[in-house]
Structure formats: C-alpha cells, structure tokens
Amino acid sequence: MKLIFLGPPGAGKGTLAVKAVEILNVPHISTGAIFRAAIAAQSPLGLKVKAIIDSGRLVDDETTIELVKERLAQSDAQSGYILDGFPRTIPQAEALETFSKADKVVNFDIPDTAVVERLSGRRVCRNCGVNYHTIFNKPKQDGVCDACGGEIYTREDDKEEAVQKRLTVYREQTAPLIDYYRKKGLLVDVDASPQVDEVVNNFKKALDIN
Ligand code: ADP
Ligand code: ADP
Ligand code: ZN
C-alpha cells in the first residue's frame, strides 16, 4: 500500500508511521528525518537546509522533490511506502504524480492546542531519531534513548518561535492539500487526538486493515 501522511507538525505522523510499517511491512519515508540525517552528517544537502529547517520554513520544492524522487526509485519502495511529511505544497503533490501514485492520503485531524502541546514536549534521539515526549512518552531513563542509549534532545524547530512559524506555514502551504486530495477521492480522515493506541485503531478502521 502506498500512503501519504498529511497533517500539521506534531500531529503524530512519525509516531503512527512507526506502528504502521510493522502492520503494512513497507518503508517509512520521512523527508524531515532525511534532512536531519543530512544535517547531522554535514553533507552538502545538510549544510544547504540547516538554517531553513531550524527557522521553521520549508525547504524549496525543487530540492525536496528530487530527494523524494530518488528515494522512491529504490527497490524497497516499489510495492508500498508511507510518505511522512511529503508532499507539503501543491507543486510537490503535482510533481509526485509524475513519478508515483499514492493509494490513499491519511489526514491527521487534530486541534492546534494539541499540536502545540505535543511539539513543546517532543524530544528526539540524536542517534536513531526515535521520538519521545516529556509527558506522553517518557524514556525509561531521563535524557537517554530506550532503543539505542543515544542522547535525547529538543529539536531547534520545536522551540516556541519556530513552532508558530511552522503552524503558519502549514496553514498557508500544506492545508490546501486536504481539499486537493479530497477532490481526487484519496483522502481518509483519522482522528489523531486520542492516545497512540487509539490512533492506531482509528487508522486501521479508516483503511479497513485488520
Ligand atoms: P514535523 O514532524 O514537525 O511535521 P518534519 O520532521 O516532517 O516535521 O520536517 C521538519 C522540517 O523539514 C520542516 O519544518 C521543513 O523545514 C523540512 N521539510 C520536511 N519535509 C518537507 C517538505 N516536504 N517540503 C519542504 N520542507 C520539508
Ligand atoms: P509529527 O511526525 O506529526 O510531527 P510526532 O510523531 O513526532 O509528530 O509526534 C509529536 C510528539 O507528540 C512526540 O513527542 C510524540 O511522542 C507525541 N505523540 C505522538 N502521538 C501522540 C498521541 N497520540 N498522544 C500523545 N502524544 C503523542
Ligand atoms: Zn536512539
């Protein structure tokens, strides 16, 4: 199954994607995670996008489209994928259609207040990228990743100023994709506000997965 996860920053896309890949056995492709890995490696891509991402703005369409096009050409993505965080603009959605056709678009339905609460408490493992939350999903040991023992940190773009910028960017550039995909008959709404297990159930029901 080829799925797009669409929703505001902090809606729980990455968290659900980790669960969904176990159910569907497809790769989880997160453009944000790819960019963060490039930044950590100080590659040319990473150096180009670091300041943009830290400030909460979007990386340019051309760079992002090229990245996804190359990733979707790899063998593990031929029979399915979860695209998490792409497309984020109408031009990205139009470009995607020229190289891959998604089966469904999962729209994460969640109020702004919940999003701010989730983003402000989000912590991430610097080594493996796993997400935690200071209230909803604490690591066993403070500041240490359960999965790999890596250091847990606060993303620069999860600090308050960048969060407001990202919500504005979401409303202006990404939210129009909801109508875009609804008109194409691809949109599936999932209530993303309850706790994780319940969101997983909502997702399975919405996609008719057992
Ligand atoms: P979140 O999990 O908060 O939704 P992501 O990890 O998906 O954030 O993305 C982090 C940042 O990476 C974005 O704020 C943006 O700067 C950049 N980014 C990720 N995906 C895209 C995209 N499709 N187009 C442009 N920029 C992107
Ligand atoms: P996104 O990928 O959409 O930006 P994440 O999956 O990174 O969102 O989740 C944002 C934060 O909210 C993380 O700290 C995560 O642990 C937490 N979180 C995710 N889903 C839920 C949920 N259903 N209930 C409470 N907290 C959640
Ligand atoms: Zn880790």
Side-chain angles (χ1 to χ4, degrees), residues 4-20 28-39 45-46 48-68 71 82-93 95-96 106-110 114-139 141 143-158 162-163 165-170 173-174 177 190-203:
I4 291 168
F5 279 11
L6 178 63
K13 302 182 296 297
T15 301
L16 179 63
V18 170
K19 308 272 182 190
H28 171 201
I29 301 174
S30 158
T31 41
I34 296 172
F35 287 137
R36 280 187 292 280
I39 291 170
L45 174 67
K48 178 163 132 184
V49 301
K50 183 178 182 341
I52 298 169
I53 291 181
D54 284 353
S55 71
R57 289 171 292 142
L58 291 182
V59 175
D60 67 276
D61 284 338
E62 198 188 341
T63 302
T64 310
I65 290 163
E66 193 51 39
L67 181 89
V68 173
R71 180 63 187 84
I82 291 170
L83 258 185
D84 166 10
F86 181 93
R88 258 177 157 94
T89 65
I90 299 272
Q92 289 180 13
L96 176 63
V106 176
N107 180 41
F108 284 64
D109 200 2
I110 185 159
V115 153
V116 171
E117 190 178 41
R118 287 184 187 181
L119 286 178
S120 60
R122 175 160 61 186
R123 301 290 182 272
V124 183
C125 173
R126 206 180 277 288
N127 182 48
C128 74
V130 163
N131 278 331
Y132 296 92
H133 193 281
T134 51
I135 299 164
F136 306 126
N137 180 21
K138 293 187 195 174
Q141 196 187 331
V144 181
C145 176
D146 293 345
C148 78
E151 179 210 354
I152 293 172
Y153 78 112
T154 304
R155 277 168 49 173
E156 199 56 42
D157 60 344
D158 281 346
V163 165
K165 177 73 192 159
R166 285 156 75 210
L167 288 174
T168 305
V169 167
Y170 171 78
Q173 301 199 55
T174 308
L177 290 172
V190 168
D191 178 6
S193 43
Q195 55 173 313
V196 177
D197 289 352
E198 226 172 296
V199 177
V200 174
N201 284 335
N202 292 344
F203 165 77

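Just so you know, ligand 1 is whichever comes first in the structure, and atom 1 is the first atom listed for that ligand.
- Proximity to Gln195 (heavy-atom distance under 4.0 Å) selects the following atoms of ligand 2: 23 (N).
- For Phe203, the ring pair (Phe, Tyr, Trp, His ring centres under 6.0 Å) criterion is met by Phe5, not counting sequence neighbours.
- Side chain of Asn131 to backbone of Thr15: no donor-acceptor contact under 3.5 angstrom is found.
- A donor and an acceptor atom, one from each side chain of Arg123 and Thr154, are located under 3.5 Å apart.
- Using a cutoff of 4.0 Å between basic side-chain nitrogens and carboxylate oxygens, Lys165 and Asp54 are not scored as salt-bridged.
- Atoms of ligand 2 found under 4.0 Å from any heavy atom of Tyr132 (numbered from 1 in listed order, with element): 13 (C), 14 (O), 16 (O).
- In this structure, the side chains of Pro8 and Ile110 come closer than 4.5 Å at one or more pairs of heavy atoms.
- Looking only at distances, no side-chain donor or acceptor of Arg88 sits under 3.5 Å from a matching main-chain atom of Leu58.
- Note on the Zn ion (ligand 3): protein N/O/S atoms under 2.8 Å are Cys125 SG, Cys128 SG, Cys145 SG, Cys148 SG.
- Across all non-hydrogen atoms, the minimal contact from Lys138 to Tyr132 is C-CD2, 4.2 Å.
- Contact of the Val68 side chain with the Ile29 side chain is not registered, since no non-hydrogen atoms from C-beta on lie closer than 4.5 Å.
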Pairs under 3.5 angstrom, nitrogen or oxygen on both sides, ligand 1 versus protein: list them out, please.
| residue | atom | partner | partner atom | Å |
| --- | --- | --- | --- | --- |
| ligand 1 | 2 (O) | Arg122 | NH1 | 3.4 |
| ligand 1 | 3 (O) | Arg122 | NH2 | 3.0 |
| ligand 1 | 3 (O) | Arg166 | NH2 | 2.3 |
| ligand 1 | 4 (O) | Lys13 | NZ | 3.1 |
| ligand 1 | 4 (O) | Arg88 | NH2 | 3.0 |
| ligand 1 | 6 (O) | Arg36 | NH1 | 2.8 |
| ligand 1 | 6 (O) | Arg36 | NH2 | 3.1 |
| ligand 1 | 7 (O) | Arg88 | NH1 | 3.1 |
| ligand 1 | 7 (O) | Arg88 | NH2 | 3.3 |
| ligand 1 | 8 (O) | Arg88 | NH2 | 3.4 |
| ligand 1 | 8 (O) | Arg155 | NH2 | 3.3 |
| ligand 1 | 16 (O) | Arg57 | O | 2.6 |
| ligand 1 | 20 (N) | Thr31 | OG1 | 2.7 |
| ligand 1 | 20 (N) | Gly85 | O | 3.3 |
| ligand 1 | 20 (N) | Arg88 | NH1 | 3.1 |
| ligand 1 | 23 (N) | Gly85 | O | 2.9 |
| ligand 1 | 23 (N) | Gln92 | OE1 | 3.0 |
| ligand 1 | 24 (N) | Gln92 | NE2 | 2.9 |
| ligand 1 | 26 (N) | Val59 | N | 3.1 |

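- Listed by chain and residue number, Phe136 satisfy the side-chain contact (heavy atoms from CB on, under 4.5 Å) test with Glu117 (two or more places apart in sequence, or in another chain).
- You'll find the side chain of Phe86 reaches within 4.5 Å of the side chain of Ile65, heavy atoms only.
- Only one option out of Leu67, Ile39, Ile34 pairs with Val49 in a side-chain contact (heavy atoms from CB on, under 4.5 Å); it is Ile39.
- Heavy-atom proximity to Phe136, at under 4.0 Å, picks out these atoms of ligand 2: 25 (C), 26 (N).
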